[in-house]
Amino acid sequence: MILTVTLNAAIDRTVEVPNFRQGRRHRAVERHTTAGGKGVNVARVLKLLGKPVIATGFAGGPTGARLLKRLAEESILTDFSRIADESRTNLAVIDPTSGEQTEVNERGPDVSADEVEAFVQNLLYLAQGASLCVLAGSIPPGVQPDIYARLIAELGRLDVTTLLDAEGEPMRAGLRAGPSVVTPNVSEAEELVGHEFAEPEDAVRALRGLAELGAGEAIITRPDGCVARLGPPGEQRVYDASIEQVDPVAAVGSGDALLAGYVAGRYDGLSAQECIAYAVACGAESTQHFGAGKLDPAQIERRLASVEIQEVDARVEVR
């Protein structure tokens with residue numbers, strides 16, 4: 001079983017607005033409303049890929065009830081902890097003429113210490129039957145920034161592989177707890193290691209930096225693929241994976257789809273190189289669909305054939 005944790009789940013509204021300009025009145029030509037949050041998006045992709053997954057997190061108020069209803073309609077198993085305050089709603093505006101997207105995300109509900117404790121105990125109960133747990137996204141107000149660190153430590157004692165995708169202090173604190181895998185994007189990785197990537201080889205150095213910060217393994221995602229440092233301690237290898245980019249319908253959630261693809265491959269026991277290739281194929285396929293966490297599983301094999309992956313000496317420049 002795979003678990004996904006979304007502490008700041010949301011109802012995500014995505015609208016398509018041609019020639020979007022700030023400060024002007026527009027009419028949307030397409031809209032899509034779905035349950036969202038990074039962990040929820042990962043769970044959706046895993047469900048589409050036929051993997052056993054349970055989505056967990058916090059859900060509160062009418063928005064939380066709507067979120068759970070949406071997930072039930074998608075046949076995604078859930079075990080969310082109910083809270084008193086209202087779950088958030090997020091908005092993404094996509095301009096099909098330029099490919100640009102603008103996101104407006106609410107902060108999220110206030111969560112009490114008792115509600116946090118109830119969630120932690122429920123997660124640890126679920127984890128007794130799980131092999132992998134994805135911890136993803138922002139944390140709502142009232143939740144301590146070391147929450148991911150606590151969960152990583154607790155899940156580690158149960159021999160559950162933890163995959164962390166967050167930013168800011170929750171990510172830094174989580175790294176110190178030693179997650180199995182971290183998956184920042186380029187800008188998040190730059191923030192974590194403290195410098196911008198001016199040269200291609202900087203990404204490889206950053207992978208080493210993430211390991212020094214506490215990550216067991218690391219994947220840095222980028223629009224055309226990723227660079228990754230994977231494998232057991234002392235035997236880790238660096239991979240550079242890319243795929244030819246096509247015009248996206250929407251790029252919202254493509255990083256979540258990439259993470260889900262990696263988790264699916266790891267759950268199936270694929271090699272590190274196969275997991276990365278499958279992840280990149282899933283991320284690329286998701287950009288051809290309107291709404292986060294959407295893809296066509298039948299198209300993955302076709303896209304997989306277009307993935308270029310090579311092993312890179314850590315001292316050698318990557319693309």
Do you know which two heavy atoms are closest between G225 and L258, and how far apart they sit? O-CD1, 4.0 Å
Side chain to side chain donor-acceptor pair (under 3.5 Å) with E217: which residues, sequence neighbours excluded? R266
Apply the test side chain to side chain contact (heavy atoms under 4.5 Å, CB included) to residues F58 and S87: give CA-CA distance (whole Å), side-chain angles for both, the deciding distance (0.1 Å), then the verdict. CA-CA 8 Å; F58 295 120; S87 293; 5.9 Å; no
I'd like to check L124 versus Q128 (side-chain heavy atoms, cut-off strictly below 4.5 Å). Are they in contact? no
Under the side-chain hydrogen bond (donor to acceptor under 3.5 Å, both in side chains) rule, what pairs show up with a residue in residues 50-63, not counting sequence neighbours? K51-D268, T63-E86
Would V307 and L270 show up in the same hydrophobic cluster when neighbours are defined by side-chain heavy atoms closer than 4.5 Å? no
Taking the side chain as everything from C-beta on, heavy atoms only, tell me whether R70 gets closer than 4.5 Å to T33. yes
Mark yes when over 12 heavy atoms from residues, nucleotides or ligands other than R237 sit less than 6.0 Å from its CZ; otherwise mark no. no
Mark yes when over 12 heavy atoms from residues, nucleotides or ligands other than R13 sit less than 6.0 Å from its CZ; otherwise mark no. no
Go through the steps to decide whether E311 and V238 satisfy the test side chain to side chain contact (heavy atoms under 4.5 Å, CB included), and finish with yes or no. CA-CA 6 Å; E311 186 176 335; V238 175; over 6 Å; no
Where A166 and G137 come nearest, the two heavy atoms and their spacing: CB-O, 3.8 Å
Verdict with reasoning, D12 to T34, per side-chain hydrogen bond (donor to acceptor under 3.5 Å, both in side chains): CA-CA 5 Å; D12 281 348; T34 187; over 6 Å; no
Option among N8, T6, N105 that satisfies the side chain to side chain donor-acceptor pair (under 3.5 Å) test with S138: N8
All heavy atoms of P179 vs all of T162, minimum pair found to be CA-OG1, 3.5 Å
May I ask you to decide if C282's main-chain N or O and E285's side chain share a donor-acceptor pair within less than 3.5 Å? no
Could you check if a side-chain atom of I219 sits within less than 4.5 angstrom of a side-chain atom of L230, using non-hydrogen atoms only? yes
Could you walk me through whether C226 and V280 pass side chain to side chain contact (heavy atoms under 4.5 Å, CB included), step by step? CA-CA 7 Å; C226 65; V280 170; 4.0 Å; yes
Would E274 and S271 count as a side-chain hydrogen bond (donor to acceptor under 3.5 Å, both in side chains) if you check the C-alpha gap in whole Å, the side-chain angles of each, and the deciding distance to 0.1 Å? CA-CA 5 Å; E274 291 170 328; S271 69; 3.2 Å; yes
Would you mind checking if K47 and E74 are paired as a salt bridge, meaning a charged N to carboxylate O distance below 4.0 Å? no
Do Y278 and Y262 have ring centroids that are under 6.0 Å from one another? no
CG-CG distance between L295 and L49, expressed to the nearest 0.5 angstrom: 5.5 Å
Side-chain heavy atoms of L132 within contact of V160, under 4.5 Å: no
Given 3.5 Å as the limit, does a donor-acceptor pair link the side chain of Q273 with the main chain of Y239, or not? no
Which atom names give the shortest non-hydrogen contact between A173 and D146, and what distance separates them? CB-CA, 4.1 Å
Would you indicate whether E244, at its atom CD, is surrounded by more than 12 heavy atoms from other residues, nucleotides or ligands within a distance under 6.0 Å? no
Over all heavy atoms of both residues, which pair between P184 and A189 is shortest? Give the atoms and the distance, please. CB-N, 3.9 Å
Taking atom CD as the centre, does E100 end up with more than 12 heavy-atom neighbours from other residues, nucleotides or ligands that are less than 6.0 angstrom away? no
Judged by atom type as modelled, is there a donor-acceptor pair below 3.5 Å linking the side chain of R44 to the main-chain atoms of A35? yes
May I have the step-by-step check of salt bridge (Lys or Arg N to Asp or Glu O under 4.0 Å) for E191 and R172, ending in yes or no? CA-CA 10 Å; E191 179 183 355; R172 287 189 288 270; 3.3 Å; yes
Side chains of V263 and V134 in contact at under 4.5 Å (non-hydrogen atoms): yes
Close side-chain approach of T78 and I54, heavy atoms under 4.5 Å: no
Hey, mind stepping through I152 and L135 against side chain to side chain contact (heavy atoms under 4.5 Å, CB included) and telling me if it holds? CA-CA 9 Å; I152 289 164; L135 308 162; 3.6 Å; yes
State plainly whether the residues K69 and E73 are in salt-bridge range, i.e. N to O under 4.0 Å. yes
Tracing side-chain contacts under 4.5 Å among Ile, Leu, Val, Met, Phe, Trp and Tyr outward from L68 reaches I11, V40, L67, L71, I76, F80
Starting from the C-alpha separation in whole Å, work towards a yes-or-no answer on side-chain hydrogen bond (donor to acceptor under 3.5 Å, both in side chains) for D95 and T97. CA-CA 5 Å; D95 184 347; T97 61; 2.5 Å; yes
Answer yes or no: is there a donor N or O on one side and an acceptor on the other, between the side chain of N90 and the main chain of E106, under 3.5 Å? yes
Whether R222 and D240 form a salt bridge (side-chain N of Lys/Arg under 4.0 Å from carboxylate O of Asp/Glu) is what I want to check. yes
We want to know whether N185 and S187 form a side-chain donor-acceptor pair, criterion being a heavy-atom distance below 3.5 angstrom. yes
Contact summary for P145 and I139, nearest pair of heavy atoms: CA-CD1, 3.6 Å
Rounded to the nearest 0.5 Å, how far apart are CD of E169 and CD1 of I147? 13.5 Å
